[in-house]
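Structure first, commentary second.
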There are 2 protein chains.
Amino acid sequence: MRVISKSGEYGLRALLYMASNQENAGYFNIREMSDELDISFHFLTKILQVLTQKGILQSYRGPNGGITFLKNPEDITLADLIRALEGDDFFDKCLLGLPGCGERQPCPMHAYWMSIRNNLKTEFETTTLADLGNDTRLKQFRLIA
Amino acid sequence: MRVISKSGEYGLRALLYMASNQENAGYFNIREMSDELDISFHFLTKILQVLTQKGILQSYRGPNGGITFLKNPEDITLADLIRALEGDDFFDKCLLGLPGCGERQPCPMHAYWMSIRNNLKTEFETTTLADLGNDTRLKQFRLIA
DNA sequence: TTAATTAAAGATAAAATACTCTTAATTATT
DNA sequence: AATAATTAAGAGTATTTTATCTTTAATTAA
Ligand code: SF4
Ligand code: SF4
């Protein structure tokens, strides 16, 4: 049960890295980050492009260019990140993946699933990158290398 | 976020079908079930074989053979089924899928994840096939066609 | 003008999932 | 004993999804 894909994982790690290295100021160089986090440069670039398109990050091309936060880490929730990288309907999908069913004629597991799913959703919607970035444990955990 | 695979879905649907058609007595013919549930015969056969190997079902070869419950539906939890078809560690995996980390040096999301995961686990461990099979809604829902 | 960067789109590779085929074993019926 | 009806088992193929790479374009600083 891998819940989020590599894209999601890498995106999360990259943003956590950025959030916990903000003293850096200026733009983060993607190549440097990909080396640091041991993620393919091209793959990371693509992920960050998506986050830029979604209005979470801001990019700047050319020498000394790179990416930085557009929104503040305090205003970026885990849910924002996950939705951007895994799809807007990430928190609305069914346990079974059956399309087209739901409230109208719910299967016997619907209620269980809704409650569990809503817990997850709430946690992710109320946790910001800043919350995580400030967590000192990050520094000793390989999540951000 | 499809949480369970087709195998899991088909297995669940097959067992629900069986649980809610127990008046049938005797063995369920797999071909008939696969027609009824619109699942590939060979694929369903394979899934049911696994459940037989795991001690959930019982099979009988030859004419009028088929499968039936070895354990009673009241004694088969959703967790049993899911573990059999998705792997024993289904409820113990990490949100990120990172191997080798955990309690010792948890990442900042560990606590959230544990609590959510344990909810899911508890629901699935306390819900039996009989609970679901007795649910009248099943009869009008396409889960069991 | 050149070098350093990100943007974008498409191609490819790898892995996971879903499904199929073939042959063997078992059992009932004739 | 022969035949037909079934499940068992394992290998094989196809499809889909995920992950990664390649190439070219656009932007910017020096
Ligand atoms: S009714 Fe059942 S199958 Fe449909 S969305 Fe709810 S949990 Fe999923
Ligand atoms: S510490 Fe974090 S990455 Fe590790 S198992 Fe827990 S949630 Fe997953």
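These numbers come from a predicted model, not from an experiment. Excluded from the calculations below are hydrogen atoms, water molecules and symmetry mates; all remaining heavy atoms, backbone and side chain alike, are included.
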Using a cut-off of strictly less than 4.0 Å, decide whether A:Ser5 has a side-chain nitrogen or oxygen near OP1 or OP2 of D:dA19. yes

In this structure, how many angstroms lie between the P atom of C:dA18 and the CG atom of B:Leu85, rounded? 11 Å

Over how many whole Å does the gap from A:Ile67 atom CD1 to C:dT5 atom C1' extend? 12 Å

Can you tell me if A:Gln53 touches the phosphate of C:dA7, counting only side-chain N or O atoms and a distance under 4.0 Å to OP1 or OP2? no

Taking the nucleotide of DNA chain C with the closest heavy atom to each, which residue, A:Phe41 or A:Lys46, is nearer the 5' end? A:Phe41

Find the distance B:Arg31:CZ to D:dT6:C1' and express it as a whole number of Å. 10 Å

By the 4.0 Å heavy-atom rule, please label A:Ser59 as base, sugar-phosphate, or nothing. sugar-phosphate

Identify which nucleotide among C:dT5, C:dT22, D:dA8 has an atom closest to any side-chain atom of B:Gln49, counting heavy atoms from C-beta outward. D:dA8

Does a nitrogen or oxygen in the side chain of B:Ser40 sit under 4.0 Å from OP1 or OP2 of C:dT20? yes

Between A:Ser7 and A:Glu86, does any side-chain donor sit less than 3.5 Å from a side-chain acceptor? no

Among D:dA29, C:dA7, D:dA19, which nucleotide has an atom closest to any side-chain atom of A:Arg61? C:dA7

Separation of C:dA4 P from A:Met33 CE (nearest whole Å): 19 Å

Distance in angstrom units between A:Leu44 CG and D:dC21 C1', rounded: 14 Å

Which part of the nucleic acid, if any, lies within contact of A:Ile30, taking any heavy atom under 4.0 Å across all strands shown: a base, the sugar-phosphate backbone alone, or nothing? sugar-phosphate

What is the nucleic acid contact for B:Leu48, judged by heavy atoms within less than 4.0 Å: base, sugar-phosphate only, or nothing? nothing

Strictly below 4.0 Å: does B:Tyr60 bring a side-chain N or O up to OP1 or OP2 of C:dA28? yes

Distance under 6.0 Å and angle within 45° of ring axis: B:Arg31 vs B:Phe41: yes

Shortest non-hydrogen pair, B:Asp80 vs B:Lys71, comes out as OD2-NZ, 3.4 Å

Report the distance from atom NE2 of A:His42 to atom C1' of C:dG10, rounded to the nearest whole Å. 13 Å

Is it true that B:Ile56 and B:Phe43 fall in one hydrophobic cluster, defined by side-chain heavy atoms closer than 4.5 Å? yes

Is B:Asn29 close enough to D:dT6 that one of its side-chain N or O atoms is under 4.0 Å from OP1 or OP2 there? yes

To the side chain of A:Lys6, which of C:dT29, D:dT23, D:dA19 is closest? D:dA19

When both distances are under 3.5 Å in a Watson-Crick or G-U wobble arrangement, the nucleotide paired with D:dT13 is C:dA18

When you measure from the side chain of B:Asn29 to the backbone of B:Glu32, do you find a donor-acceptor pair of N or O atoms at a distance under 3.5 Å? yes

Is the closest side-chain donor-acceptor distance between B:Thr52 and B:Gln58 under 3.5 Å? no

Would you kindly give the NZ-to-P distance between A:Lys54 and C:dA7, to the nearest whole Å? 15 Å

Mapping A:Pro63 and A:Tyr10 onto DNA chain D by nearest heavy atom, which one lands closer to the 5' end? A:Tyr10

Output the rounded distance in Å from OH (A:Tyr27) to P (D:dT27). 15 Å

